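All values reported here derive from a predicted model rather than from experimental measurement. As a basis for the values below, the full set of heavy atoms in this structure was taken, side chains included, without hydrogen atoms, waters or symmetry mates.
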Amino acid sequence: QAQLVESGGGSVQAGGSLRLSCTASGWIDSKYCMAWVRQAPGKERDEVAFINSDGGSNYADSVKGRFTISRDNDKNTLYLQMNDLKPEDTAMYYCAADRWNCYYQHGFQYWGQGTQVTVSS
């Protein structure tokens with residue numbers, strides 16, 4: 001069965017860095033668009049970044065210049081390098097994948113369980 005498993009979350013001080021990983025298994029392959037979506041307590045989910053099957057990517061304005069999304073198709077793994085972390089980045093970060101769609105607002109087919117990122121001031 002298709003499965004997404006996130007890792008790499010943790011607690012860091014403001015200005016620090018983390019790299020999140022998401023390993024895909026099952027029938028999810030390089031043709032899928034993959035994305036990182038986060039949700040802070042009491043807030044709606046927001047798409048952080050996505051990377052499509054061609055390697056093209058897009059970022060939310062709030063993380064542009066600080067976060068980098070990438071994928072290693074040989075490892076079936078999605079990454080999110082997060083630099084210069086800010087307290088407002090604190091959230092549960094979810095990996096998501098869809099064969100046809102790259103936008104959270106349009107829905108994703110598959111979701112991971114999430115990994116917590118906490119940034120202290």
Side-chain angles (χ1 to χ4, degrees):
Q1 294 182 338
Q3 186 176 7
L4 300 172
V5 179
E6 302 98 333
S7 62
S11 298
V12 298
Q13 292 184 324
S17 298
L18 285 172
R19 190 180 77 159
L20 306 183
S21 298
C22 170
T23 299
S25 61
W27 52 82
I28 298 174
D29 60 24
S30 61
K31 295 182 180 179
Y32 280 67
C33 185
M34 302 189 72
W36 289 99
V37 179
R38 68 185 181 185
Q39 185 173 28
K43 297 183 179 180
E44 297 181 349
R45 289 188 179 188
D46 292 321
E47 187 167 22
V48 175
F50 70 77
I51 184 166
N52 63 27
S53 59
D54 295 323
S57 59
N58 195 23
Y59 300 87
D61 289 340
S62 59
V63 306
K64 193 172 298 182
R66 299 188 297 120
F67 291 10
T68 302
I69 189 170
S70 62
R71 66 195 300 170
D72 186 331
N73 292 331
D74 290 337
K75 296 181 179 179
N76 296 320
T77 300
L78 175 74
Y79 302 99
L80 184 68
Q81 179 65 47
M82 305 186 295
N83 297 325
D84 191 25
L85 284 161
K86 304 177 184 297
E88 50 264 43
D89 295 319
T90 295
M92 184 73 73
Y93 284 71
Y94 298 91
C95 174
D98 196 284
R99 177 61 178 83
W100 309 108
N101 166 60
C102 292
Y103 297 96
Y104 163 75
Q105 293 83 353
H106 297 162
F108 287 106
Q109 293 175 298
Y110 304 102
W111 292 82
Q113 293 297 309
T115 185
Q116 179 67 40
V117 172
T118 301
V119 184
S120 60
S121 60

Test item: [X] side-chain N/O and [Y] main-chain N/O as donor-acceptor pair under 3.5 Å:
X	Y	value
Asp46	Arg38	no
Trp36	Tyr79	yes
Glu6	Cys95	yes
Thr90	Val119	yes

Under 3.5 Å, sequence neighbours excluded: what are the donor-acceptor pairs made by side chains of residues 64-73?
unit_1	atom_1	unit_2	atom_2	d
Lys64	NZ	Asp61	OD1	3.3
Arg66	NH1	Asp84	O	2.9
Arg66	NH1	Asp89	OD2	2.7
Arg66	NH2	Ser62	O	2.8
Arg66	NH2	Asp89	OD1	3.0
Arg66	NH2	Asp89	OD2	3.4
Arg71	NE	Asn73	OD1	3.2
Arg71	NH1	Tyr32	O	2.8
Arg71	NH1	Ile51	O	3.4
Arg71	NH1	Asn52	O	3.1
Arg71	NH2	Tyr32	O	2.9
Asp72	OD1	Asp74	N	3.1
Asp72	OD1	Lys75	N	3.3

Pairs satisfying disulfide bond (SG atoms under 2.5 Å apart), at least one member in residues 34-92, at least two apart: none
ILVMFWY cluster, Val63 and Leu85 together (side-chain gap under 4.5 Å): yes
Same cluster (ILVMFWY, side-chain, under 4.5 Å), Trp111 and Leu4: no
Partner set under side-chain hydrogen bond (donor to acceptor under 3.5 Å, both in side chains) for Gln3, not counting sequence neighbours: none
Crowding at CD, Gln81 (>12 non-hydrogen neighbours, <6.0 Å): yes
Between atom [atom1] of [X] and atom [atom2] of [Y], what is the distance when rounded to the nearest 0.5 Å?
X	Y	atom1	atom2	result
Tyr93	Met82	OH	CE	5.0 Å
Leu80	Met34	CG	CE	12.0 Å
Glu44	Gln39	CD	CD	8.5 Å

Determine all donor-acceptor pairs shorter than 3.5 Å in which one atom belongs to a side chain in residues 99-108; sequence neighbours excluded.
unit_1	atom_1	unit_2	atom_2	d
Asn101	OD1	Tyr103	N	3.1
Asn101	ND2	Tyr103	O	2.8
Asn101	ND2	Gly107	O	2.3

Using distance only, find each side-chain donor-acceptor pair of residues 12-30 under 3.5 Å and give its atom names and separation, not counting sequence neighbours.
unit_1	atom_1	unit_2	atom_2	d
Ser17	OG	Asn83	OD1	2.9
Trp27	NE1	Tyr110	OH	2.7
Asp29	OD1	Lys31	N	3.0

With sequence neighbours excluded, residues passing side-chain contact (heavy atoms from CB on, under 4.5 Å) with Ser11: Thr118
